[in-house]
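Report on one structure; see the data block that follows.
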Amino acid sequence: MAVSLRRPILDWYEAHRRDLPWRRPDATPWGILVSEIMLQQTPVVRVLPAWTEWMARWPTPEALAKEPPGEAVRQWGRLGYPRRALNLHACAKVITAEHGGRVPSTYAELRALPGVGDYTAAAVASFAFGGRHAVLDTNVRRVLARAIRGEEHPPRATTAAERRLAESLVPEVEAPRWAVAVMELGALVCTARAPRCEACPIAGQCAWRLAGRPAGPVRRGQRYAGTDRQCRGRLLAVLREADGPVPKSALDAVWPDQAQRERALDSLLDDGLAEVLPDGTYRLPAG
DNA sequence: GATGCGTGGAA
DNA sequence: TTTCCAAGCAT
């Protein structure tokens with residue numbers, strides 16, 4: 001039953017896959033790791049230029065490990081979730097110090113790297129090293145929720161049932177190709193909004209479509225305007241765009257609520273995304 | 001397990 | 001204009 005989804009999805013992938021630089025044969029494990037970190041909660045179209053520039057500047061973990069973490073944060077630019085830049089820098093340090101400068105190849109070693117969770121460890125182990133893992137991202141979860149469970153959206157948090165299902169579908173051979181194929185289907189056809197069922201290779205066996213595409217419950221997203229997150233973003237942008245340390249007044253200027261501003265700044269310091277010098281100026285982390 | 005964590009584009 | 005969402009992770 002569910003296994004019969006494989007062949008049409010694999011064939012569809014061969015015909016419709018995007019040519020992404022981290023999927024090319026010459027992509028390195030480091031390049032693939034960088035892409036996976038950048039792609040966490042971030043659209044491909046915005047990652048593409050950022051990845052190209054990052055890899056041109058730091059083609060190896062060793063190259064990045066030599067730099068201060070603040071340079072990673074600066075290069076990160078406006079990709080969002082800038083702690084990922086710190087994570088990538090920390091990955092580079094660990095890989096250089098503990099793995100001889102080579103990205104480790106096993107799920108367990110990858111999972112131990114900073115900022116590498118279940119998804120990213122499985123993805124890198126699969127795509128960079130050919131490992132056989134269930135790669136369960138938001139695209140795969142949505143495809144399976146619709147095709148198998150007949151629901152518009154997957155549960156908020158990944159369930160044991162979802163994981164069991166995903167693992168049951170991993171083929172014995174060419175598991176990485178299966179993983180990327182399902183992800184691609186979710187990204188291009190079985191999208192969150194306005195899915196293109198007419199272009200879907202498994203439309204004929206999709207439980208959700210066969211049920212008439214019933215709408216799921218409304219899902220409430222997190223607000224952003226006025227939050228600490230937005231405030232942190234404003235403050236960090238000042239540090240990122242400055243050549244050197246900035247006076248506190250430069251930070252005060254970009255957010256009116258003093259209490260919130262102080263709280264956000266403290267959290268940036270706590271996270272290691274900023275540091276304060278003895279003279280009271282602020283900058284990206286130097287060491 | 002629920003929250004917090006950036007940013008920008010599309011509907 | 002507002003809302004939703006984009007290859008998640010850590011706490």
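First the proteins, then the strands, lettered A, B, ... as listed; each starts at 1.
Contact annotation for A:Leu79: base contact, defined as any heavy-atom pair under 4.0 Å involving a base atom. Note on A:Arg78: only backbone sugar-phosphate atoms sit closer than 4.0 angstrom, heavy atoms only; bases stay farther off.
Within 6.0 Å of CZ in A:Arg149 there are 12 or fewer heavy atoms belonging to other residues, nucleotides or ligands.
C:dA6 and B:dG6 have their C1' atoms separated by 12 Å, with the value rounded to a whole Å. Spacing of C1' atoms, C:dA10 relative to B:dG1, comes out at 13 Å, to the nearest Å. As rounded to the nearest Å, C:dA7 and B:dA2 have C1' atoms that lie 23 Å from one another.
Residues A:Ala85 and A:Ala72 approach most closely at CB-O, 3.6 Å, considering heavy atoms. In this structure, A:Pro104 and A:Leu110 approach most closely via the heavy-atom pair O-CD2, 3.3 Å.
Side chain of A:Arg146 to backbone of A:Arg209: no donor-acceptor contact under 3.5 angstrom is found.
Along DNA chain B, the nucleotide nearest A:Arg156 and the nucleotide nearest A:Thr227 are compared for position; the residue whose nucleotide lies closer to the 5' end is A:Arg156.
No salt bridge links A:Glu241 with A:Arg74; every basic N to acidic carboxylate O contact stays at or beyond 4.0 Å. Salt bridge absent: A:Arg132 and A:Glu174 never bring a charged side-chain N and a carboxylate O closer than 4.0 Å. By the 4.0 Å N-to-carboxylate-O rule, A:Glu184 lies close enough to A:Arg23 to be salt-bridged with it.
When hydrophobic residues (I, L, V, M, F, W, Y) are linked wherever their side-chain heavy atoms come within less than 4.5 Å, the members clustered with A:Leu251 are A:Val73, A:Leu86, A:Leu235, A:Leu236, A:Val238, A:Leu239, A:Val246, A:Val254, A:Leu265, A:Leu268, A:Leu269, A:Leu273, A:Val276, A:Tyr282, A:Leu284.
The span of DNA chain B lying next to chain A, judged by atoms under 4.0 Å from heavy atoms, is bounded 5' to 3' by B:dG4 to B:dG9.
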- Message: What does the B/S/- profile of nucleotides 2-11 of chain C look like, 5' to 3', with a 4.0 Å heavy-atom cutoff to protein?
- Response: --BSBBBSS-
